[in-house]
Asker: 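Below you will find the structure I want to go over with you.
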Amino acid sequence: MTIYLPQLSAHDVSFPALHRALAEPDGLLAMGGDLSAPRLINAYAHGIFPWFSEGDPLLWWSPSVRAAFAPDSLKLNRTLRKQINRHQLRFSINTAFTQVIAQCAAPRARQPATWILPQMQQAYLQLHLQGHAHSIEVWQQDRLVGGLYGVLVGSLFCGESMFNRLPDTAKLALVALQQHLQQVAPGWIDCQLPNPFLMQLGAKEMSRNHYVQLLQQYRQQITPPSHWQARTIELDSANA
């Protein structure tokens with residue numbers, strides 16, 4: 001079966017209307033263009049993200065079903081508190097963005113290949129340097145044992161990837177992110193696509209239209225840049 005995809009211009013960062021996204025493969029919207037900061041910012045502001053493997057063209061997606069954590073849906077429960085104490089974990093924000101994205105891109109036991117290719121890492125690093133992309137880090141002494149990164153659109157956080165080197169550290173990074181967000185914003189976290197791990201943690205499915213409405217509501221609610229300054233952060237143990 002032949003698939004027609006719009007080819008993005010190198011000189012225009014706009015995208016096709018979302019209703020033109022394919023049903024199979026679900027959400028595939030366009031190809032080409034580049035990973036420049038203006039294009040990525042425009043993509044996320046309209047519910048679109050890049051996702052492609054080595055050897056593929058640059059592909060852009062807007063799936064018909066998204067996954068997201070609603071405010072107050074991630075809790076620091078007793079099990080997670082035990083993990084913090086057992087491993088003597090500490091948390092930070094934006095102190096090791098490059099390390100976090102490299103760890104997210106590293107081969108995994110059941111996933112030896114990665115879609116976080118070097119050009120993707122460089123693109124998101126540029127977004128980070130411009131204040132649009134952020135990371136949460138989980139440390140055991142000086143060892144990075146978990147974390148996540150993503151793109152902030154107004155007051156909505158679009159999660160990209162996460163990793164753990166100790167049990168539950170990816171979950172703890174998510175809890176730390178939502179607690180940090182909720183100091184200045186409602187606390188929505190977009191997870192792009194549903195998967196069993198996210199659904200088990202409490203993520204909910206929503207339609208593309210619902211997600212776009214959410215984006216339109218929160219993308220103009222800018223959080224203070226000072227809120228994302230690199231520093232150590234504390235988890236609220238009362239959030240149980």
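We number each residue from 1, following the sequence as shown.
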Asker: Going by the rule side-chain hydrogen bond (donor to acceptor under 3.5 Å, both in side chains), which residues pair with Gln178 if we only count those two or more places apart in sequence or in a different chain?
Answerer: none
Asker: When rounded to the nearest 0.5 angstrom, what is the spacing between CG in Leu177 and CD1 in Ile189?
Answerer: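 Leu177 atom CG to Ile189 atom CD1 measures 4.0 Å (nearest 0.5 Å).
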Asker: Please list, chain by chain and in numerical order, all residues satisfying ring pair (Phe, Tyr, Trp, His ring centres under 6.0 Å) with His180, sequence neighbours excluded.
Answerer: His227, Trp228
Asker: Could you pull out the closest heavy-atom pair between Ser135 and Ala96, with the gap in Å?
Answerer: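 The answer is OG-C, 4.2 Å.
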Asker: For Asp72, is there any backbone N or O sitting under 3.5 Å from a side-chain donor or acceptor partner on Gln182?
Answerer: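 Confirmed, Gln182 side chain pairs with Asp72 backbone.
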Asker: Quick one: ring-ring contact (aromatic ring centres under 6.0 Å, His included) pairs with a partner in residues 16-40, sequence neighbours left out?
Answerer: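 Applying ring-ring contact (aromatic ring centres under 6.0 Å, His included) to every pair that reaches into residues 16-40, excluding sequence neighbours, yields nothing.
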Asker: Dump the intermediate steps for side chain to side chain contact (heavy atoms under 4.5 Å, CB included) on Leu235 and Leu172, then the final yes or no.
Answerer: CA-CA 9 Å; Leu235 267 65; Leu172 284 163; 4.3 Å; yes
Asker: Test: ring-ring contact (aromatic ring centres under 6.0 Å, His included). Region: residues 68-92. Which pairs qualify, not counting sequence neighbours?
Answerer: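 Passing the test, one end in residues 68-92: no pairs.
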Asker: Thr98: which residues meet the side-chain hydrogen bond (donor to acceptor under 3.5 Å, both in side chains) condition with it, sequence neighbours left out?
Answerer: none
Asker: Within the side chain of Asn164, is there an N or O that forms a donor-acceptor pair under 3.5 Å with the backbone of Pro167?
Answerer: no
Asker: Roughly how far, to the nearest 0.5 Å, is CD of Glu137 from OG1 of Thr95?
Answerer: 3.5 Å
Asker: Could you pull out all donor-acceptor pairs under 3.5 Å where a side-chain atom in residues 142-158 meets a protein atom, sequence neighbours excluded?
Answerer:
none

Asker: Looking at Gln7 and Gly33, what are the two nearest heavy atoms and their distance?
Answerer: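 Between these two residues, the closest heavy atoms are NE2-N, 4.3 Å.
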Asker: Out of the candidates Trp60, Trp61, Phe49, only one should pair with Phe15 under the ring-ring contact (aromatic ring centres under 6.0 Å, His included) rule; please name it.
Answerer: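 Only match with Phe15 under ring-ring contact (aromatic ring centres under 6.0 Å, His included): Trp60.
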Asker: Is there a donor-acceptor contact under 3.5 Å from the side chain of Asn195 to the main chain of Leu198?
Answerer: yes
Asker: So, using side-chain hydrogen bond (donor to acceptor under 3.5 Å, both in side chains) as the criterion, who are the partners of Thr169 when residues are at least two apart?
Answerer: none
Asker: State, to 0.1 Å, how close Leu40 and Pro50 come at their nearest heavy-atom pair, and which atoms those are.
Answerer: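 Heavy atoms only, the tightest pair is CD2-CG, 3.8 Å.
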Asker: Which pair of non-hydrogen atoms, one from Ile233 and one from Ala176, has the smallest distance, and what is that distance?
Answerer: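 Closest approach of Ile233 to Ala176: CD1-CB, 4.3 Å.
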Asker: Taking the side chain from Ser53 and the backbone from Asp56, do they hold a donor-acceptor pair closer than 3.5 Å?
Answerer: no
Asker: Looking at Ala67, is its backbone amide N or carbonyl O close enough to the side chain of Gln192 to form a donor-acceptor pair, meaning the two atoms are under 3.5 Å apart?
Answerer: no
Asker: Tell me whether Ile116 is reachable from Leu193 by hopping between hydrophobic residues (I, L, V, M, F, W, Y) whose side-chain heavy atoms are closer than 4.5 Å.
Answerer: yes
Asker: For Asp26, what residues pass the side-chain hydrogen bond (donor to acceptor under 3.5 Å, both in side chains) criterion, not counting sequence neighbours?
Answerer: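 Listed in chain order: Ser64.
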Asker: Whether the side chain of Thr223 engages the backbone of Val184 through a donor-acceptor N/O pair (distance < 3.5 Å, no angle test) should be reported.
Answerer: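 Judged by distance alone, no pair lies under 3.5 Å.
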Asker: For the atom pair CD (Gln213) and CD (Gln217), what is the distance rounded to the nearest 0.5 Å?
Answerer: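 So the gap between those two atoms works out to 9.0 Å.
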Asker: Which pairs pass salt bridge (Lys or Arg N to Asp or Glu O under 4.0 Å) with one or both residues in residues 189-217, sequence neighbours excluded?
Answerer: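 Salt bridge (Lys or Arg N to Asp or Glu O under 4.0 Å) check on residues 189-217 returns Arg66-Asp190.
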Asker: Can you see which heavy atom on Leu215 is nearest to which on Gly47, and at what distance?
Answerer: CD1-N, 3.2 Å
Asker: Would you please name every residue forming a ring pair (Phe, Tyr, Trp, His ring centres under 6.0 Å) with Trp139, sequence neighbours left out?
Answerer: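 Applying ring pair (Phe, Tyr, Trp, His ring centres under 6.0 Å) to Trp139 gives none.
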Asker: Take Ile101 and Leu125, measure what side chain to side chain contact (heavy atoms under 4.5 Å, CB included) needs, and give me the verdict at the end.
Answerer: CA-CA 9 Å; Ile101 197 169; Leu125 177 58; over 6 Å; no
Asker: Show me the pairs that pass side-chain hydrogen bond (donor to acceptor under 3.5 Å, both in side chains) and involve residues 38-47, at least two apart or across chains.
Answerer: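 Residue pairs with at least one partner in residues 38-47: Asp34-Arg39, Asn42-His46, Tyr44-Tyr124, Tyr44-Glu160.
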Asker: Give, for atom CD1 of Ile222 and atom CD of Gln220, the distance between the pair rounded to the nearest 0.5 Å.
Answerer: 6.5 Å
Asker: For Gln229, enumerate each residue passing the side-chain contact (heavy atoms from CB on, under 4.5 Å) test, keeping only those at least two apart in sequence or located in another chain.
Answerer: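 For Gln229, the residues satisfying side-chain contact (heavy atoms from CB on, under 4.5 Å) (neighbours in sequence not counted) are Ser226, Arg231.
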Asker: Which value, rounded to the nearest 0.5 Å, describes the distance between Gln179 atom CD and Leu76 atom CG?
Answerer: 6.5 Å
Asker: Has Gln130 got a side-chain atom pairing as donor or acceptor with Ala37's backbone, closer than 3.5 angstrom?
Answerer: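 It does not hold such a pair.
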Asker: Can you tell me how far the CG atom of Leu18 sits from the OH atom of Tyr211, to the nearest 0.5 Å?
Answerer: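 Rounded to the nearest 0.5 Å, the CG-OH separation comes out at 10.5 Å.
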Asker: Judged by atom type as modelled, is there a donor-acceptor pair below 3.5 Å linking the side chain of Gln119 to the main-chain atoms of Leu35?
Answerer: no
